[in-house]
Amino acid sequence: MAKPLTITEKIILNHTDLQEISSGDIVNARVDLALGNDITAPIAIKEFSAIGVDAVFDRKKIALVPDHFVPNKDILSAKQAKMMREFAKKFDIENYFECGEAGVEHALLPEKGIVLPGDLVVGADSHTCTYGALGAFATGVGSTDLAYAMAFGELWLKVPESIKVIFEGKPKKWVSGKDLVLYLIGQIGVEGANYMALEFTGSTFKHLGMSDRLTISNMAIEAGAKSGIFEPDEITENYVKSRAKRDYIFYKSDEGAEYAKILNYNTETINPQVAFPHLPENSIDINEASAKNIKIDQSVIGSCTNGRIEDLRIAAEILKGKKIAKYTRLIVIPATPDIYRMAEKEGLIDIFMDAGGVVSAPTCGPCLGGYMGILADGERAISSTNRNFKGRMGDVTSEVYLANPAVCAASAILGKIAGPDEVVS
Amino acid sequence: MIFKGKVFKFGDNIDTDAIIPARYLNDSSEENLKKHCMEDADETFSSKVAKGDFIVAGNNFGCGSSREHAPIAIKSCGVPIVIAKSFARIFYRNSFNIGLFILSADTDGIENGDILEVNTDTGEIKNQTKNTVIKAKPIPKFMSELVNAGGLIAYAKKKIKEGKK
């Protein structure tokens with residue numbers, strides 16, 4: 001009988017010419033999609049030219065999404081976006097998105113059905129692991145990797161060991177995928193899954209939607225993981241069936257597959273989390289965080305982590321009919337044009353603006369300290385994004401606290417880190 | 001190969017935002033990246049570092065973003081090797097891909113300003129200041145092939161030339 005495999009091993013194996021693989025092997029794997037953005041693609045394009053091939057391996061299997069500093073924040077950013085646009089034009093790249101149809105890449109590609117269950121995806125962006133939510137093997141790589149993948153349609157990969165993470169029970173009110181992943185990182189640390197695949201399972205995920213799974217897989221990298229995968233199920237099927245324009249495969253881990261570790265958590269005891277500066281592992285319970293009376297200058301709701309329509313709905317539920325605190329800024333960034341449009345139709349944009357917030361066009365912008373909400377010295381932000389490293393959102397003395405959109409909304413209203421229950425009766 | 005140089009010591013979890021802050025990512029030229037290398041961890045680094053010096057750190061060096069600008073910035077400063085207790089995986093593969101040596105070793109005994117002699121073939125790290133020797137973890141065969149070829153692109157070109165691609 002064949003050796004039982006994890007879902008991750010199976011997907012990788014089926015993208016090689018090998019008969020069997022084991023974790024730790026270095027293999028050449030075929031890629032279904034290679035992606036880059038306006039920051040990472042320019043270096044990849046330079047390296048691609050250096051290889052000396054005269055075509056990309058498949059114009060349909062490359063995605064180039066200008067999202068980090070787009071709409072162009074300055075002349076240098078404009079040059080980088082231009083370089084990517086010209087490359088896309090030259091090779092007639094099918095999945096190139098111009099500003100206006102582009103959004104934050106990891107929100108956009110699942111939404112458009114460009115990444116699907118069973119795919120092997122490499123992306124020159126660390127949050128490429130987001131697509132694990134769909135049951136794909138997806139991992140962040142560098143620009144040189146992207147160049148190689150665009151030229152040859154394959155890439156070297158070390159087959160990772162897996163950690164199985166089981167969340168059991170129904171989440172409390174206001175507890176979302178963001179809280180579960182911040183809690184997990186708090187437990188295992190920012191290096192807790194280094195080089196490994198996280199495999200999420202348990203009854204909790206029947207109570208949460210695809211949006212929460214995308215958030216959890218998105219932040220697998222913040223525990224150092226290579227990927228963060230969910231076994232596809234009915235929720236996956238419902239999400240992908242209307243979006244997919246090609247076939248997809250549901251893989252499952254075999255009974256008896258080997259795991260480096262199995263972690264069990266009781267979701268029913270987990271409250272919304274806030275990760276304190278300057279590491280995502282510094283997560284604490286919202287009640288404890290609120291009691292510290294931490295004043296904030298800015299609240300950001302958006303990003304590949306929490307800029308989907310579900311996130312905006314939760315924020316709007318809390319902000320409806322309320323005003324944010326004086327001298328506090330609220331920046332809301334729908335992650336894609338479709339999300340923006342939906343938010344407009346549902347009246348969410350009005351709610352944010354009536355509350356005193358500003359709504360930006362889709363961009364990664366402030367998440368990485370690019371633009372559209374940079375912090376001055378000593379300022380503090382609460383943010384629905386994914387990293388709170390020193391200087392991440394601006395000046396090196398500024399601070400970022402990570403939380404779910406509900407906590408970000410409540411904190412904007414009170415001008416201090418606060419839980420949703422403090423503002424909603 | 002044998003390298004000799006002075007140590008710039010850093011702590012745990014030096015993230016890619018500290019190695020090269022995103023505010024400088026609108027220009028991927030080596031000149032620009034070199035100027036701002038390690039700026040948010042030590043703003044004097046780029047003015048003090050000399051060709052051949054080493055970066056030595058604790059756990060999880062290079063965590064965070066996939067930006068290849070980070071190892072490029074380090075390599076552009078003339079730093080030939082980064083030695084740390086452990087590395088985040090994307091930084092690790094990026095470094096090999098661009099031909100920057102990465103060694104994992106117990107760096108606790110190494111201090112800022114120490115002079116090291118590093119043999120990348122044997123993984124032996126001689127601390128001349130402290131008169132001690134430590135051994136780095138061996139590098140997987142494929143990885144040394146990559147770095148010895150001069151990185152992934154040079155490796156790819158070699159394959160094309162050999163008719164394997």
Side-chain angles (χ1 to χ4, degrees), chain A residues 26 39-40 42-44 46-48 50-53 68-69 73-80 123-128 139-148 151-152 156 158 160 189-191 194-195 221-222 224-226 278-279 281 367-371 374 387 389-392 394 396, chain B residues 12-19 21-29 32-33 39-41 43 58-72 85-99 140-143 145-146 151-157 159-161 165:
Chain A
I26 292 177
I39 302 286
T40 59
I43 295 179
K46 273 188 246 168
E47 296 299 327
F48 180 87
I51 296 173
V53 288
H68 278 58
F69 294 166
K73 81 174 179 107
D74 53 25
I75 295 169
L76 289 170
S77 309
K79 282 186 184 171
Q80 298 202 124
D125 188 279
S126 61
H127 292 107
T128 300
T139 192
V141 296
S143 294
T144 297
D145 286 315
L146 173 61
Y148 190 95
F152 304 119
W156 70 271
K158 185 166 142 191
V190 290
E191 210 188 3
N194 202 5
Y195 299 103
I221 177 71
E222 306 329 325
K226 182 169 202 148
H278 293 286
L279 286 174
E281 71 183 20
C367 171
L368 73 161
Y371 69 136
I374 302 306
R387 290 190 178 130
F389 300 150
K390 213 171 168 190
R392 173 77 178 174
V396 74
Chain B
D12 291 336
N13 301 312
I14 296 295
D15 59 78
T16 50
D17 285 274
I19 300 170
R23 57 186 177 273
Y24 304 119
L25 298 186
N26 54 4
D27 176 1
S28 65
S29 70
N32 174 55
L33 300 177
E39 190 171 295
D40 283 0
E43 57 180 11
N59 281 311
N60 206 24
F61 188 87
C63 60
S65 148
S66 70
R67 66 188 69 153
E68 204 162 294
H69 310 67
I72 295 174
K85 282 194 198 168
S86 64
F87 293 90
R89 61 158 284 275
I90 308 180
F91 181 87
Y92 186 85
R93 68 179 291 140
N94 282 347
S95 299
F96 281 98
N97 282 343
I98 68 157
K141 188 169 158 276
F142 172 73
M143 311 295 288
E145 270 176 39
L146 257 191
L152 186 65
I153 299 305
Y155 179 82
K157 281 194 198 163
K159 289 254 173 202
I160 293 173
K161 218 171 149 191
K165 276 275 168 257

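Letters A, B, ... mirror the listed sequences (proteins, then strands); counts begin at 1. This is a predicted model, so every value here is computed, not measured.
A salt bridge does not link A:Lys390 with B:Asp40: none of the charged nitrogens is closer than 4.0 Å to a carboxylate oxygen. The pair A:Asp74-B:Arg23 does not count as a salt bridge, with every side-chain nitrogen at least 4.0 angstrom from each carboxylate oxygen.
Remark: aromatic rings of B:Phe142 and B:Phe96 are distant, center separation not under 6.0 Å.
Comparing A:Thr40, A:Thr128, A:Leu279 by heavy-atom pairs within less than 4.5 Å of chain B, the highest count is held by A:Leu279. Your options are A:Ile26, A:Thr144, A:Ile75, and the one with the most heavy-atom pairs under 4.5 Å with chain B is A:Thr144. Most heavy-atom pairs under 4.5 Å with chain A, from the set B:Ile72, B:Asp12, B:Asn94: that is B:Asn94. When B:Met143, B:Lys141, B:Arg67, B:Arg93 are compared by the number of non-hydrogen pairs under 4.5 Å with chain A, B:Arg93 comes out ahead. Residue with the most contacts toward chain B among A:Arg392, A:Lys79, A:Lys226: A:Lys226 (heavy-atom pairs, distance under 4.5 Å). In terms of non-hydrogen atom pairs under 4.5 Å with chain B, the most contact-rich of A:Ala147, A:Gly394, A:Pro42, A:Ser126 is A:Ser126. Comparing A:Ala124, A:Ser143, A:Ser77 by heavy-atom pairs within less than 4.5 Å of chain B, the highest count is held by A:Ser143.
Here A:Phe389 pairs with nothing under the ring pair (Phe, Tyr, Trp, His ring centres under 6.0 Å) rule; sequence neighbours left out. Remark: A:Tyr371 engages no residue in a ring pair (Phe, Tyr, Trp, His ring centres under 6.0 Å) (not counting sequence neighbours).
Proximity to chain B (any heavy atom under 4.5 Å) is restricted, for A:Ile221, to the side chain, taken from C-beta onward. Neither the backbone nor the side chain of B:Phe91 comes within contact range of chain A, judged by heavy atoms closer than 4.5 Å. Both the backbone and the side chain of A:Asp145 come within less than 4.5 Å of a heavy atom in chain B. Within the 4.5 angstrom heavy-atom criterion, atoms from both the backbone and the side chain of A:Ile51 approach chain B. At a 4.5 Å heavy-atom cutoff, the contact between B:Leu25 and chain A is made by backbone and side-chain atoms alike. Of the atoms belonging to B:Asn97, heavy atoms from both backbone and side chain fall under 4.5 Å from chain A. Using a 4.5 Å cut-off between heavy atoms, A:Lys73 touches chain B through its side chain atoms alone. Neither the backbone nor the side chain of A:Ile374 has a heavy atom closer than 4.5 Å to any heavy atom of chain B. Only the side chain of A:Gln80 comes within less than 4.5 Å of a heavy atom in chain B; its backbone stays farther off. When heavy atoms are compared at a cutoff of 4.5 Å, A:Phe69 approaches chain B solely by way of its side chain, counted from C-beta outward.
Pairing each heavy atom of B:Ile14 with each of B:Ala41, the nearest pair is CD1-CB, 4.5 Å.
Atom-to-atom distance recorded for A:Ile43:CD1 and A:Leu146:CG is 10.5 Å, nearest 0.5 angstrom. Here the straight-line distance linking atom CZ of B:Phe61 with atom CG of B:Asp15 works out to 9.5 Å at 0.5 Å rounding. Of the inter-residue distances, the one linking A:Ile39 atom CD1 with B:Ser65 atom OG reads 9.0 Å to the nearest 0.5 angstrom. Separation of atoms CZ (B:Phe87) and CG (B:Asn59) is listed at 10.5 Å; rounding is to 0.5 Å.
Heavy atoms of other residues, nucleotides or ligands lying less than 6.0 angstrom from CD of B:Glu43 number 12 at most.
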